[in-house]
Amino acid sequence: MYAFEPDPQQPKAALYDDLAQAAAALVAGEPDPVANMANVAALIWQFVPRLNWAGFYRLIGDELVLGPFQGKPACIRIPVGSGVCGTCAASGQTQLVPDVHAFPGHIACDAVSRSELVVPVLRDGQVIAVIDLDSPDPARFDAEDAAGMENLAAAIAHAI
Ligand code: SME
C-alpha cells in the first residue's frame with residue numbers, strides 16, 4: 001500500500017513540493033511508463049483540489065493520444081496545434097486558461113470544465129507528453145499551480 005496524505009490546509013507551493021516528492025518516490029526504479037503515468041495521475045487527483053479531470057496525453061507522431069487519467073472518459077486523439085493540449089504540445093509552453101470558453105479551439109471533453117492548465121513534459125528539450133488539469137471552477141489555476149505542475153513534469157519525465 002502507498003499512503004500519501006496531502007494536507008489541504010498547507011500553502012500551495014508546499015502542496016506541490018509534496019506532490020513532486022511523492023511522484024518521484026512512486027516512479028523510482030519502475031520502468032513501465034503506463035504504470036508510472038497511472039500512479040502520477042492518481043496522485044494529482046489526490047493532492048490537487050477542485051479538479052474534474054487530470055491526466056496525460058502522449059505525443060505520438062503528430063497527434064496527442066490519451067494516456068492514464070482520472071475523471072470522465074475523454075477525447076482519445078488531439079492533433080498537435082488543436083485545443084489547449086495541442087497548443088501546449090506545439091509550443092512546448094504551459095497553457096494557463098482561466099476561461100475555456102474564451103480559448104479559440106478549446107476541445108470540450110467534459111462540459112463541466114471551466115478552466116484548464118496544461119504543462120508540457122519535456123525530455124532532452126522535446127515534448128513527449130502533456131499533463132492536463134481541468135477544473136469546474138472559473139480561473140481555478142494560477143502561476144503557482146503552473147510552476148508546481150511544471151516541477152512535477154520535470155520530476156517524472158524520465159519515467160514515462
Ligand atoms: N480541453 C482539452 C482536451 C482534453 S480534455 O479537457 C481532457 C483541450 O482543449 O485540449
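Read the numbers this way: they start at 1 and go in the same order the structure lists the ligands and their atoms.
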Can you tell me if Glu63 uses its side chain to pair, donor with acceptor, with the backbone of Gly61 under 3.5 Å?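 It does not hold such a pair.
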List the residues meeting ring pair (Phe, Tyr, Trp, His ring centres under 6.0 Å) with Phe69, not counting sequence neighbours, and say none if there are none.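 Applying ring pair (Phe, Tyr, Trp, His ring centres under 6.0 Å) to Phe69 gives Trp53.
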Which pairs with one or both residues in residues 62-160 pass disulfide (SG to SG under 2.5 Å), sequence neighbours excluded?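 Every disulfide (SG to SG under 2.5 Å) pair that includes a residue of residues 62-160, provided the two are not neighbours, is Cys75-Cys109.
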Side-chain donor-acceptor pair under 3.5 Å between Gln10 and Asp18, yes or no?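 Per modelled atom types, Gln10 and Asp18 side chains form a pair under 3.5 Å.
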Test item: side-chain donor near acceptor, Ser135 and Glu116, under 3.5 Å: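 There is no such pair (donor and acceptor under 3.5 Å, judged by atom type) between the side chains of Ser135 and Glu116.
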For residues 79-117, which residue pairs qualify under ring pair (Phe, Tyr, Trp, His ring centres under 6.0 Å), counting only residues two or more places apart or in two chains?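 Sorted pair list comes back empty.
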Check ligand 1 for close polar pairs with the protein: N or O on both sides, less than 3.5 Å.
from	atom 1	to	atom 2	distance (Å)
ligand 1	1 (N)	His106	NE2	3.3
ligand 1	1 (N)	Ile107	O	2.7
ligand 1	1 (N)	Glu116	OE1	3.1
ligand 1	1 (N)	Glu116	OE2	3.1
ligand 1	6 (O)	Asp132	OD2	3.3
ligand 1	6 (O)	Asp134	OD2	2.8
ligand 1	9 (O)	Val84	N	3.0
ligand 1	9 (O)	Ile107	N	2.9
ligand 1	10 (O)	Val84	N	3.0
ligand 1	10 (O)	Cys85	N	2.8

